[in-house]
Trainee: 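This is the structure I want to talk about, given as structure tokens.
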2 protein chains.
Amino acid sequence: MATIYEVASMAGVSPATVSRVFNGQNVSADKARRVRKAAKALSFTPSRVARTLRMRSSQVIALVIPDIENPFFTSMARGVEDVAQAAGYSVVLCNSDEDHGKEARYLDIAVGADMAGVILAAAGDNSDVSGLIARNRPVVAVDRSPHGFDIDAVTVDNRAGGREATRALLDQGFTRIGCVTGPGDVETATERADGWRDAVRAAGAVDERYLRFADFRVDGGHKAMRELLDMPEPPDAVFVANNLMGVGALQVLSQRGAMPPAVGMAVFGDLPFAVMAPMAITVIPLPARHLGVTAAKLLLDRINGDDQPPRTVVLRNHAS
Amino acid sequence: MATIYEVASMAGVSPATVSRVFNGQNVSADKARRVRKAAKALSFTPSRVARTLRMRSSQVIALVIPDIENPFFTSMARGVEDVAQAAGYSVVLCNSDEDHGKEARYLDIAVGADMAGVILAAAGDNSDVSGLIARNRPVVAVDRSPHGFDIDAVTVDNRAGGREATRALLDQGFTRIGCVTGPGDVETATERADGWRDAVRAAGAVDERYLRFADFRVDGGHKAMRELLDMPEPPDAVFVANNLMGVGALQVLSQRGAMPPAVGMAVFGDLPFAVMAPMAITVIPLPARHLGVTAAKLLLDRINGDDQPPRTVVLRNHAS
DNA sequence: ACCATTCCAGAAATCGATTTCACCGTCAAC
DNA sequence: GTTGACGGTGAAATCGATTTCTGGAATGGT
């Protein structure tokens, strides 16, 4: 509540001097001491708001993710946080809940709050970052990237991963491979499904009835898996395009007493908090933390004035 | 980037009028129309920073949690978020990482950024919220509460839960019940261990060698569980005081081929993303989302000027 | 002893919104 | 016809920091 002015008058100096003390500029030792003492006495905390208004930029970066309850994204958040902290930035986490409206609102806030930059795991292909770009605020897309904008991006090779996962199932001798992927307007979902198509086609014909779009959550996995199993000729194996749907699918299989390898299963992304090493399940690991770290580094570069044309970094998901 | 002044001059009115248009005050229809048109043309986004500086409060609340990778806390965050959103507030999530230094930094930021209030799941008993109190900012403690401050709090009955969990193991016929709890300076950890002591004492003598303090994470569960199993006379069952350590303990048991019910197990808090209904495991469910909802409501009350003496809400964890 | 740097420090402008105050019309009441 | 109330509007103060500009003091080189 105390302001720089009160500190100044208590220390018998000008506000400018108080500011200089706190920003490590040259101030005589005597005055600096008096200022610090006064600041302590008044338990002075500088107003970041005033500072931000004047400086036109805050030491905060926004990380907008579509599902805070997904360990993949929280792990990514940790990566972002560690890099940002080390560089003196704070991270605020915004949960868009896969909702374009909420996402837009958070992006507006990021602009209005003069945040230094934004790392965005977009809710869908048509997320709109034009406001950020118009105002020249650095943005980095991570995991998924909005279409139609030429911005920095960090992704993994979704198609290759989907192909590899599906091929693993074929190699295990399964013949009717289903696919449970995410929403049709999310890049990672369609790309992973494309990988599935690639692999299946290479082994024969693609049966699109075995493809299900769900919502990238546990419940989506339930629903899609049930649908597949209830088909007249159900698949004998399934490729699931993300971790949470993988959990959902496994829960359904468990209920029906058909755990892998009775039904084949490959998952894109590590299964969260798995208790038993799921030997019968093929997992394409996803470098979640590393995605965050890389995105944060890219963003910090931009914040510090890096002006190259936008880069896209594709991380290897070292298959296992 | 456009300011209220540019909008004003484009619309041929004063900045005050522009402000009034956006804040729903009385302005003639004609001018209002011109202002809106100009604002659109300039793609004007009001500066929250300037607004906050002037109003001395922002529409943002901080939620400080000790571990963003723990689904219990993210679920709590969802509860907070839903309530806050509905009331027009945004939530920024701050991960203190069980570190008092980081936590203190985030609390400072909350003050300096003039946030409307803070919901704090403290990193330990001796977290310091005096800065917030001195500046009259609403704080609500959730899950854990810092000692020595008389503030609103929302908790569960940890001791009763620990007692109940342990009793369940005794009822199942186990006789040497171990306990894996969290750090000694975290209230929820010590209280749950107290519950364990209560139950064990009621059935005989408490052997403190069966009590382990770990770090509330998966690795802590590993370490503590291994130590217990490696004792000359290992426990035949174990009460684990949180969800992640429960996962860790189960992983160790799985490795050693002693899954429940070979070794008895009770866990405080729901196991995240469990694939199979763990019938052999006693789970004390934790109303994570509800904790968040309740805390957010309390905080909003305070923000809106509620001035009663601090309340402590203890939620029932409807045992199962 | 003199001039040129360099260093300190204060006054005042600035960031962009909100809000008080004062003023002007208009309209209703008496 | 005067008074009072009220709605609409703009000028200017305000929030609390940073920063430019300026002047004075101190330092150093010759």
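As the structure is a prediction and not an experimental result, all values here were calculated from the model. These numbers come from the heavy atoms of this one structure, side chains and all, not from hydrogens, waters or symmetry mates. The chains referred to below are lettered A, B, ... by the order of the sequence lines, with proteins before strands, and numbering in each begins at 1.
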Trainee: Sequence neighbours excluded, which residues qualify as side chain to side chain donor-acceptor pair (under 3.5 Å) partners of R34(A)?
Mentor: D30(A)
Trainee: Considering only NZ, NE, NH1 and NH2 on the basic side and carboxylate oxygens on the acidic side, decide whether R48(A) and D114(B) come within less than 4.0 Å.
Mentor: no
Trainee: Between K31(A) and dC8(C), is there a contact of a side-chain N or O with OP1 or OP2 at under 4.0 Å?
Mentor: no
Trainee: So which protein N/O to nucleotides 17-19 of chain C N/O distances come out below 3.5 Å?
Mentor:
from: dA17(C); atom 1: OP1; to: S47(B); atom 2: N; distance (Å): 3.1
from: dA17(C); atom 1: OP2; to: I4(B); atom 2: N; distance (Å): 2.2
from: dA17(C); atom 1: N7; to: Y5(B); atom 2: OH; distance (Å): 3.0
from: dA17(C); atom 1: N6; to: Y5(B); atom 2: OH; distance (Å): 3.1
from: dT18(C); atom 1: OP1; to: N23(B); atom 2: ND2; distance (Å): 3.3
from: dT18(C); atom 1: OP1; to: R51(B); atom 2: NE; distance (Å): 3.2
from: dT18(C); atom 1: OP2; to: S19(B); atom 2: OG; distance (Å): 2.6
from: dT18(C); atom 1: OP2; to: N23(B); atom 2: ND2; distance (Å): 3.3
from: dT18(C); atom 1: O2; to: R54(B); atom 2: NH1; distance (Å): 2.3
from: dT19(C); atom 1: O4'; to: R54(B); atom 2: NH2; distance (Å): 3.3

Trainee: So does G124(A) get a backbone contact from the side chain of S127(A), meaning a donor-acceptor N/O pair under 3.5 Å?
Mentor: yes
Trainee: Looking only at side-chain N and O atoms, does R56(B) come under 4.0 Å of OP1 or OP2 in dG16(D)?
Mentor: yes
Trainee: Taking 4.0 angstrom as the limit, do R144(A) and D125(A) come out as a salt bridge?
Mentor: no
Trainee: For V49(A), answer base if it contacts any base atom (sugar-phosphate contacts may also be present), sugar-phosphate if it contacts only those atoms, and nothing otherwise; contact means non-hydrogen atoms under 4.0 Å.
Mentor: nothing
Trainee: At how many degrees, to 10°, do the end axes of the helix from dA1(C)-dT30(D) to dC30(C)-dG1(D) meet when each uses five pairs?
Mentor: 40°
Trainee: Would you call R302(A) and D152(A) a salt bridge, taking side-chain N to carboxylate O under 4.0 Å as the test?
Mentor: yes
Trainee: Ion pair present between D97(B) and R217(B), side-chain N to carboxylate O less than 4.0 angstrom?
Mentor: yes
Trainee: Take atom CG of D30(B) and atom P of dG8(D), then tell me their distance rounded to the nearest Å.
Mentor: 13 Å
Trainee: Would you say the side-chain atoms of E103(A) pair up with the backbone N or O of S96(A), donor to acceptor, closer than 3.5 Å?
Mentor: no
Trainee: Does N26(B) put a side-chain nitrogen or oxygen below 4.0 Å from OP1 or OP2 of dG8(D)?
Mentor: yes
Trainee: Mind checking whether T17(A) and S14(A) have side chains closer than 4.5 Å, heavy atoms only?
Mentor: yes
